[in-house]
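In this chain, numbering begins with 1 at the start of the sequence shown. As a basis for the values below, the full set of heavy atoms in this structure was taken, side chains included, without hydrogen atoms, waters or symmetry mates. As the structure is a prediction and not an experimental result, all values here were calculated from the model. First listed ligand is number 1; within each ligand, the first listed atom is number 1.
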Amino acid sequence: MYDVIIIGAGPAGISAGIYAKRANLNVLILYHGISNLEKATMIENYYGFENGISGEDLYNAGINQAKNLGIEVKNEEVLNIEKINENFEITTTENKYEGSTCVLATGNKKLKPNIKGVDEFDGKGISYCAICDGFFYRKKNVVVIGNGKYAVSEAEDLKNIVNSITILTNGLELLTETTFEVNNKKIKEIKGDTRVRQIEFEDGTNLEIDGIFVALGEAGGSDFAKKLGVLTQNDNIIVDKNMKTNIDGLYSCGNSTGGLLQVAKAVHEGAEAGLAIVSYLKNK
Ligand SMILES: Cc1cc2nc3c(=O)[nH]c(=O)nc-3n(C[C@H](O)[C@H](O)[C@H](O)COP(=O)(O)OP(=O)(O)OC[C@H]3O[C@@H](n4cnc5c(N)ncnc54)[C@H](O)[C@@H]3O)c2cc1C
């Protein structure tokens with residue numbers, strides 16, 4: 001049982017962890033997959049680095065700093081977050097963890113497949129959240145686009161609702177095992193009329209479908225948020241000035257809250273979240 005479980009080891013998550021740990025809280029930070037920071041070749045506008053620093057070096061330094069302060073930092077992909085009574089149960093690819101509070105510091109990632117028709121049918125048969133929208137596809141035939149554990153976990157959420165599920169890897173290798181039907185063909189186009197009806201593959205074959213669930217890479221902050229009933233706007237998590245969401249004990253910071261997408265803002269919001277959690281737990 002942790003006082004706080006932070007999803008994300010970028011500047012927002014690490015900063016939240018540091019402030020919480022310095023107040024003696026029991027902190028776990030989980031991270032998996034590429035962060036925005038790692039993609040930055042050179043950061044020249046962040047305080048204190050006279051010659052700039054590569055995003056990758058800054059990212060790794062943050063993780064090492066947290067570890068040196070005694071924070072548990074684990075490289076595990078988070079698949080699901082559930083609020084059970086007062087606490088948060090976090091399911092990763094390897095374990096389940098429980099925390100009194102939770103911080104979503106997962107960056108701003110909504111991975112869209114680069115397929116013709118994806119924008120046209122967004123919300124018209126294309127969904128990014130199985131728990132949120134699965135109900136609309138009762139006894140229908142759906143596909144999940146993705147090739148990792150997150151895709152399989154989305155399929156699991158759909159299996160008792162829909163008629164059939166096929167995982168479409170869009171030409172990639174499936175990175176995990178599954179009992180669901182898998183189709184590895186490369187997708188050419190998503191077709192339909194007022195809503196999605198068909199997927200055309202590059203080899204000229206077609207698949208008639210009623211719905212598509214996109215689950216590329218890892219689940220992002222807004223995916224977790226939607227499942228938990230957290231308010232979002234344009235996929236940004238809505239927080240108050242203490243970085244608290246509309247759910248008690250759940251906080252968010254950094255790119256996942258939108259606004260200025262910069263390291264300085266992520267570090268600041270992480271600090272606010274860490275301190276807010278300290279006083280939240282003290283008052284509890
Ligand atoms: C090319 C590029 C150049 C940039 N240049 C600059 C610059 O010059 N100056 C500047 O200030 N900013 C720059 N930025 C922006 C900056 O990188 C971001 O604002 C900052 O990294 C946001 O921090 P964050 O902690 O919110 O998210 P991120 O750094 O994106 O970290 C997100 C974390 O969440 C983890 N995560 C996500 N999903 C899961 C999951 N399901 N399970 C477990 N872990 C998960 C990731 O592994 C990662 O640790 C640049 C960004 C890019 C892409």
Side-chain angles (χ1 to χ4, degrees), residues 5-19 28-49 51-67 71-81 88 90-97 99 102-111 128-129 146 148-154 175-176 215-228 235-237 239 243 251-274:
I5 299 180
I6 299 167
I7 326 293
I14 294 290
S15 174
I18 289 171
Y19 277 81
L28 171 66
I29 299 180
L30 299 165
Y31 72 101
H32 187 83
I34 191 136
S35 82
N36 284 288
L37 189 53
E38 285 173 285
K39 293 185 204 157
T41 317
M42 187 56 79
I43 305 269
E44 291 182 328
N45 58 359
Y46 184 58
Y47 173 81
F49 295 92
N51 299 315
I53 181 166
S54 82
E56 194 183 345
D57 286 350
L58 189 57
Y59 184 69
N60 291 329
I63 291 174
N64 290 336
Q65 181 184 6
K67 286 181 179 167
I71 298 172
E72 256 183 85
V73 187
K74 295 187 176 177
N75 187 346
E76 287 179 31
E77 179 182 348
V78 175
L79 295 174
N80 197 28
I81 304 173
F88 294 88
I90 319 289
T91 307
T92 73
T93 40
E94 277 112 271
N95 290 300
K96 272 189 197 294
Y97 301 98
C102 178
V103 179
L104 298 174
T106 43
N108 60 328
K109 180 172 53 79
K110 178 179 172 182
L111 291 179
Y128 289 80
C129 177
K149 289 184 175 162
Y150 176 46
V152 173
S153 142
E154 286 290 270
L175 300 173
T176 183
L216 299 180
E218 297 85 24
S222 64
D223 300 314
F224 296 130
K226 282 176 195 157
K227 287 184 189 178
L228 285 160
D235 277 323
N236 296 320
I237 296 171
V239 287
M243 303 296 123
Y251 295 74
S252 184
C253 47
N255 276 20
S256 54
T257 65
L260 182 71
L261 304 180
Q262 291 280 284
V263 174
K265 183 253 193 191
V267 169
H268 165 237
E269 288 194 352
E272 294 282 7

Q: Scan Leu30, Leu79, Asn95, Asn80 and name whichever one has a side-chain contact (heavy atoms from CB on, under 4.5 Å) with Ile90.
A: Leu30
Q: Is there side-chain contact between Phe224 and Val78, with heavy atoms separated by less than 4.5 Å?
A: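 Side-chain contact under 4.5 Å: yes.
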Q: Got an N/O contact under 3.5 Å between Ile7 and ligand 1?
A: no
Q: For ligand 1, note which part of Tyr47 has a heavy atom under 4.0 Å away: side chain, backbone, both or neither.
A: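 Contact part for Tyr47 vs ligand 1: neither.
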Q: Decide whether the shortest distance between a heavy atom of Ala219 and an atom of ligand 1 is less than 4.0 Å.
A: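 Yes; Ala219 lies near enough to ligand 1 that a heavy-atom distance drops under 4.0 Å.
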Q: Hey, mind stepping through Val73 and Tyr31 against side chain to side chain contact (heavy atoms under 4.5 Å, CB included) and telling me if it holds?
A: CA-CA 8 Å; Val73 187; Tyr31 72 101; 3.7 Å; yes
Q: I need the Lys39 NZ to Asn36 CG distance, nearest 0.5 Å.
A: 5.0 Å
Q: Closer than 3.5 angstrom, by distance alone: can the side chain of Asn64 be matched with the main-chain N or O of Ala61 as a donor-acceptor pair?
A: no
Q: What's the shortest heavy-atom distance between Ala219 and Tyr150, and which atoms?
A: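 That closest heavy-atom pairing would be CB-CE1, 3.4 Å.
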Q: For the OH atom on Tyr97, are there more than 12 heavy atoms of other groups (residues, nucleotides or ligands in this structure) within a distance under 6.0 Å?
A: yes
Q: Any nitrogen or oxygen of Tyr59, side chain or backbone, less than 3.5 Å from one on ligand 1?
A: yes
Q: In ligand 1, which numbered atoms sit nearer than 4.0 Å to a non-hydrogen atom of Phe224?
A: 41 (N)
Q: Could you list the atoms of ligand 1 found under 4.0 angstrom from a heavy atom of Lys39?
A: 1 (C), 53 (C)
Q: Enumerate the atoms of ligand 1 whose separation from the nearest heavy atom of Leu37 is less than 4.0 angstrom.
A: 17 (O), 21 (O), 29 (O)
Q: Counting heavy atoms only, which of Glu269, Met42, Gln262, Lys74 comes nearest to atom 12 (N) of ligand 1?
A: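 The nearest heavy atom belongs to Gln262.
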Q: With Ser222 as reference, evaluate Thr106, Leu104, Asp235 under the side-chain contact (heavy atoms from CB on, under 4.5 Å) test and give the passing residue.
A: Asp235
Q: Where does Asn36 meet ligand 1, judged by heavy-atom distances below 4.0 Å: at the side chain, the backbone, both, or neither?
A: both
Q: Show me which atoms of ligand 1 lie under 4.0 Å from any heavy atom of Ala105.
A: 32 (C), 33 (C), 34 (O)
Q: Quick check on contacts: which atoms of ligand 1 are under 4.0 angstrom from a heavy atom of Tyr31?
A: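 The list of qualifying atoms is 43 (C), 44 (N), 47 (O), 49 (O).
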Q: Are any of the N/O atoms on Gly8, whether in the backbone or the side chain, positioned under 3.5 angstrom from an N/O atom of ligand 1?
A: no
Q: Can you tell me which portion of Glu76 lies within the under-4.0 Å heavy-atom range of ligand 1? Options are side chain, backbone, both, or neither.
A: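 Under 4.0 Å from ligand 1, Glu76 contributes backbone atoms alone.
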Q: Tell me the nearest of Gly254, Gly220, Pro11 to atom 23 (O) of ligand 1, using heavy-atom distances.
A: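 Ranked by closest heavy atom to atom 23 (O) of ligand 1, first place is Pro11.
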Q: Any N or O of Val78 that comes nearer than 3.5 Å to an N or O of ligand 1?
A: yes
Q: Mind checking whether Thr257 and Asn236 have side chains closer than 4.5 Å, heavy atoms only?
A: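 Result no, sub-4.5 Å side-chain heavy-atom pair not found.
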Q: Out of Val267, Asn255, Ile90, who gets a non-hydrogen atom closest to atom 18 (C) of ligand 1?
A: Asn255
Q: In ligand 1, which numbered atoms sit nearer than 4.0 Å to a non-hydrogen atom of Ala9?
A: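 Taking each heavy atom of Ala9 in turn, ligand 1 has 33 (C), 48 (C), 49 (O) under 4.0 Å.
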Q: Can you tell me how far the CG atom of Asn255 sits from the CG atom of Leu260, to the nearest 0.5 Å?
A: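 With rounding to 0.5 Å, CG (Asn255) is 8.5 Å from CG (Leu260).
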Q: Could you list which atoms of ligand 1 come closer than 4.0 Å to a heavy atom of Asn45?
A: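 Matching atoms, with element in brackets: 7 (C), 8 (O), 9 (N), 10 (C), 11 (O).
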Q: Just wondering, do Glu77 and Thr92 contact through their side chains at under 4.5 Å, heavy atoms?
A: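 Thr92 does not reach Glu77 side chain to side chain.
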Q: Is the shortest N/O to N/O distance between Ala266 and ligand 1 below 3.5 Å?
A: no
Q: Would you please name every residue forming a side chain to side chain contact (heavy atoms under 4.5 Å, CB included) with Tyr46, sequence neighbours left out?
A: Ile43, Phe49, Leu58, Val263, Ala264, Val267
Q: Counting each atom of ligand 1 from 1 as listed, which ones have a heavy atom of Gly107 under 4.0 Å away?
A: 27 (O), 30 (O), 32 (C)
Q: So is there a nitrogen or oxygen of Gly33 less than 3.5 Å from a nitrogen or oxygen in ligand 1?
A: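 Checking ligand 1 against Gly33, an N or O pair does fall under 3.5 Å apart.
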Q: Does the pair Lys227/Glu154 count as a salt bridge with the N-to-O cut at 4.0 Å?
A: yes
Q: Indicate, as side chain, backbone, both or neither, the part of Tyr46 found under 4.0 angstrom from ligand 1 when only non-hydrogen atoms are considered.
A: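 Neither; no heavy atom under 4.0 Å.
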